[in-house]
Amino acid sequence: MNQSLTLALSKGRIFDETLPLLEAAGITVADDPEKSRKLILPTSDTAIRVVIVRASDVPTYVQYGAADFGVAGKDVLLEHGGDGLYQPVDLNIAKCRMSVAVPAGFDYVSAVRQGARLRVATKYVNVAREHFAAKGVHVDLIKLYGSMELGPLVGLSDAIVDLVSTGSTLRANHLVEVEQIMDISSRLVVNRAALKTKREKLQPIIEAFERAARSE
Ligand code: PRT
Ligand code: MG
């Protein structure tokens, strides 16, 4: 039986913070994706390779079985929907929160109280739609793919929904966090079919990740 595995990771914080978990499972990756242009990285286990994809594409690769497993943020998984994915472990890495932010001086509370229709720029339209619907706030959602912080500065939107970790990006752009929607961390995602056909090879890795994540 073919028990070789492909792991989908994005470069940057997810790659960096997954390395120690891989090491806990006895797997090391020789290449640094920041330096190498390779998209397929071998590991110390000849049966395991890492593919480097965009953070928001990780669930898609795993869903279609192009990767057997991967690591993706809760933000990305909520937008993707999670079809075909088994999500066994919250890895507790790449932590941040998803928040509503507005320009300093914009009275968000009064705007909401008065039932104003807010223009909200975000990459996270599904989460944002649910959040504002649950609060009964009327919003026009404007889909962006990045640099949400610019939206209110150039009059594209009244508010943004974005990820915040240190808060320095908001501060640098004179925005203030007015609502925290949810805490975000990254999860291990596994292709549902691979979980059955490659269980022997996958299970020990899932368990090692679980133990390592718990002891963080
Ligand atoms: O950057 P790229 O467009 O290639 O893709 P990406 O932004 O989806 O990937 P990446 O690697 O930046 O993020 C991968 C995952 O890391 C996300 O899906 C989140 O789950 C998680 N994560 C954790 C974060 C942050 N912290 C974070 N701070 N993702 C993005 N940010 C950004 C945020 O969008 C904002 O622009 O950092 C900025 C805010 O940071 P502070 O520290 O200034 O508050
Ligand atoms: Mg980014």
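Counting starts at 1 for both ligands and their atoms, in listed order.
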| query | Short list, please: which atoms of ligand 1 are under 4.0 Å from a heavy atom of Ile184? | reply | 20 (O)
| Which atoms of ligand 1 have any heavy atom of Lys11 under 4.0 Å away? | 11 (O)
| Distance filter under 4.0 Å to Val76 heavy atoms, resulting ligand 1 atoms | 18 (O)
| said: Name the residue from Asp162, Leu141, Leu78, Ile181 that meets the side chain to side chain contact (heavy atoms under 4.5 Å, CB included) definition with Tyr124. | reply: Asp162
| query | Hey, does Ser168 sit under 4.0 Å from ligand 1 if you only count heavy atoms? | reply | yes
| message | So, 4.0 Å and heavy atoms of Gly73: is ligand 1 close enough to count as a contact? | response | yes
| request: Enumerate the residue pairs fulfilling side chain to side chain donor-acceptor pair (under 3.5 Å) with a member in residues 137-151, sequence neighbours excluded, ordered by first and then second residue. | output: Arg117-Asp140
| More than 12 heavy atoms from other groups under 6.0 Å of NZ on Lys95 | no
| Part of Lys123 within contact of ligand 1 (heavy atoms, under 4.0 Å) | side chain
| message | Please identify which of these residues, Leu22, Ile93, Val189, meets the side chain to side chain contact (heavy atoms under 4.5 Å, CB included) condition with Val71. | response | Ile93
| Among the heavy atoms of Gly167, does any lie under 4.0 Å from an atom of ligand 1? | yes
| said: One residue to check: Arg54. Relative to ligand 1, which of side chain, backbone, both or neither has a non-hydrogen atom less than 4.0 Å away? | reply: side chain
| Between Val164 and ligand 1, which part of the residue brings a heavy atom under 4.0 Å of the ligand: side chain, backbone, both or neither? | both
| message | Quick check on Glu149 - does any of its heavy atoms sit under 4.0 Å from an atom of ligand 1? | response | yes
| message | My understanding is that only residues two or more places apart in sequence, or in another chain, count here; which of them pass side-chain hydrogen bond (donor to acceptor under 3.5 Å, both in side chains) with Arg49? | response | Thr6
| Heavy atom under 4.0 Å from ligand 1: found in Leu170's side chain, backbone, both, or neither? | neither
| field | Sub-4.0 Å protein heavy atom next to atom 36 (O) of ligand 1 | value | yes
| query | Can you find an N/O atom of Ile14 closer than 3.5 Å to an N/O atom of ligand 1? | reply | no
| query | atom 12 (O) of ligand 1: which protein heavy atom is closest, and how many Å away? | reply | Arg13 NH2, 3.4 Å
